[in-house]
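All chains are named by letter (A, B, ...) in the order of the sequence lines, taking the proteins before the strands, and each is independently numbered beginning at 1.
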Number of protein chains: 2
Amino acid sequence: MKITKVLLAEDDSNLGMLLKDYLSVKNYDTTLLVNGLQALEEFPRHQFELCILDIMMPEIDGLTLAREIRKINPSIPIIFLTAKSQKEDILEGFRTGADDYITKPFSMEELLYRIQAILKRSAGSAVPRKESMYTIGNYTFDPLKQVLSFDNQPVKLTTKESELLELLCRHRNEILERNFALKSIWIDDNYFNARSMDVYITRLRKYLKKDASVKILNVHGRGYKLLC
Amino acid sequence: MKITKVLLAEDDSNLGMLLKDYLSVKNYDTTLLVNGLQALEEFPRHQFELCILDIMMPEIDGLTLAREIRKINPSIPIIFLTAKSQKEDILEGFRTGADDYITKPFSMEELLYRIQAILKRSAGSAVPRKESMYTIGNYTFDPLKQVLSFDNQPVKLTTKESELLELLCRHRNEILERNFALKSIWIDDNYFNARSMDVYITRLRKYLKKDASVKILNVHGRGYKLLC
DNA sequence: TTACCCCTTTAACTTTCTTTAACAAGGGAA
DNA sequence: TTCCCTTGTTAAAGAAAGTTAAAGGGGTAA
C-alpha cells in the first residue's frame, strides 16, 4: 500500500497533533507545521501529495499559503480547514482553487472521507479546472456571460443557475457531490439550501432537454452526474 | 515572507498605544508615529506593507500623508481612521486611493477583519489600479474628463456616473461588490444609496448599449460585472 | 434675489431571481 | 412489503434589481 505524504498546517497544536496522529494511524505520512511561514519553508523540501491548511493562522494565513503553494505545484490537492462563520474565507478559498474545505468542528471520519475522495479524483485525471467555454452535447455554455446556447439561440441564465451548471461541467461524467456543490455555491450546506439546489437541478434539466444525449443524473445520497 | 510591517499614524497616544499593542499581539509588527510629519519621515526608512492613518492629525493630516506615501509607494494598502461625521474626509480618502476606512469608534476586531481582508486582496491579484483611459468594447472612457466616447462621439458624464463606471472598469470581468462600490462612491451603504446606485446602473447601461458586446451583468445579492 | 438648469435622490411600480412550501415519486434497508 | 429518507416538481412568497418619472437641492446667471 502506497503511503501518501500530507502537509498539515494548523496553528492550534492540540488539534494539529490529534489530526497528525489520526492520519498517521490511517497510513498517511503527515508533517505538521504550526504556522504558514514554516509550512511554506518546508513545502519545497518534501514531495507532498496533499495539503490540509487551516485558514486562520498567524504570519501567513492559509489562503496566502495556498497561493504560494500553487505557484510551486499548481495541481496539488488542497483542503482548507475553517470556522463555519468565516464565509468570506470559504468563498475566497474556492477562488484560489480549493479542492474542498471542512468547517470546524468536524469529525475525523469526515476528514478522512474527503481526503480519500480528493485523492481518488486527482489520481485518475487532473483536477477539473475552470474553462472559459464549455461544450455540453450540442449546447455551448459561457459561464462568464452566463449564457447557454443551443442552435445559436442564447438563453440568459441567472447567477445561481450558471454557477451550478459550471460546477457540473467541471465534474462532467463524474459525481458532483451535493455537499461540495452546496458549500461552493451556497456556502452553507443546510437543509433549505439543499432543497433550493434541487429546484435548480430541475431548471437546468429543463434548459438541457433539447439534446437527448445530455442528462443530469442523480446519484442517490451523493450528488449529481452530468452526462454528455 | 515575514510578519507584516504596519505603519500606524495616530496622534491620540491612548488610542495609538492600544492599537499598537493589540496589533502586535495579533502578529503585526506595528510602528506607531504620533503625527503626520514623523510618519512621513519614518516611512522611507522601513519596509512597511500596510498603513493605518488617522485623518485628523496636527502638522500633516492623514490625507496629505497618504498622498505623499503614494508618491513613494503607489500600491501600498492604506486604511484611514476617521470620525463618522467627517464624510468629506472619507470621500477625499477614497479619491487618494484608500483601500478602506474605519469610522471611530470601532472595535479592534473590526479593524483586524479589515486588515486581513485588505492584505488578502492585495496579496492575490491586486485590485487593478486607476488608469487614465479605459477601453470598453468600442467605447473609450476618460475618467478624469468624465467623457465617454463612441465613434468619436463624446458624451459628458456626471460625476457619479463617471465614478461608478470607473469602478466597474477597474473590476472589469469580475464582480464589483455592491457594498464596496457604495462605500467608495456614496460613503454610506444604506438602502437609499443602494437604490440610487441601481438608477445609475440603468443609466450606464443606456450609454453602453451601442456596443452589444459590452454588458453590465448583475450578480444577484453581490454586485455587478462589467463584461467587455 | 429670483429663475433656471443640471445632478442626484426619492418614489412608485414592474420584473426577475431565489427561497420556501407542499405534495408526489423513487430508492434502499429491514 | 413497509417505512423512512432522498429527490422531483410546481407554485407561490419574499427579496433584490430594473425602470421611469418626478421631487429635491445646489449652483449660476440674469
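- With a cutoff of under 4.0 Å to any heavy atom of chain B, the contacted region of DNA chain D is bounded 5' to 3' by D:dA16 to D:dT20.
- Atom CZ in A:Arg222 sits about 13 Å away from atom P in C:dG28, given to the nearest Å.
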Can you give one letter per nucleotide of nucleotides 15-20 of chain C, 5' to 3': B if a protein heavy atom sits under 4.0 Å from the base, S if only from the sugar-phosphate, - if neither? --SBBB
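- In the model, A:Glu161 has a side-chain atom that pairs as donor or acceptor with a side-chain atom of A:Tyr207 under 3.5 Å.
- Ion pair B:Arg222/B:Glu177 flagged as a salt bridge, since at least one NZ, NE, NH1 or NH2 atom sits closer than 4.0 Å to an Asp/Glu carboxylate oxygen.
- With sequence neighbours left out, B:Asp198 forms a salt bridge (charged side-chain N to carboxylate O under 4.0 Å, His left out) with B:Arg178, B:Arg195.
- With hydrogens and angles left out, the side-chain atoms of B:Asp61 and B:Thr64 include a donor and acceptor closer than 3.5 Å.
- B:Asp198 places its CG atom 18 Å from the P atom of C:dC13, with the value rounded to the nearest Å.
- Looking at heavy atoms from C-beta onward, B:Leu227 lies out of side-chain contact with B:Ile216 at the 4.5 angstrom threshold.
- We find that CD of B:Glu163 is positioned 12 Å from C1' of C:dT8, with the value rounded to whole Å.
- Here B:Asp189 does not pair with B:Lys183 in a salt bridge; the nearest charged N to carboxylate O distance is not below 4.0 Å.
- Counting any heavy atom pair closer than 4.0 Å across all strands shown, B:Tyr191 reaches no nucleic acid atom.
- Here the rule is ring-ring contact (aromatic ring centres under 6.0 Å, His included) with B:His171, and of B:Tyr134, B:Tyr224, B:Phe180 only B:Phe180 fits it.
- Counted by atom type alone, A:Ser24 and A:Asp21 present zero donor-acceptor pairs between their side chains at under 3.5 Å.
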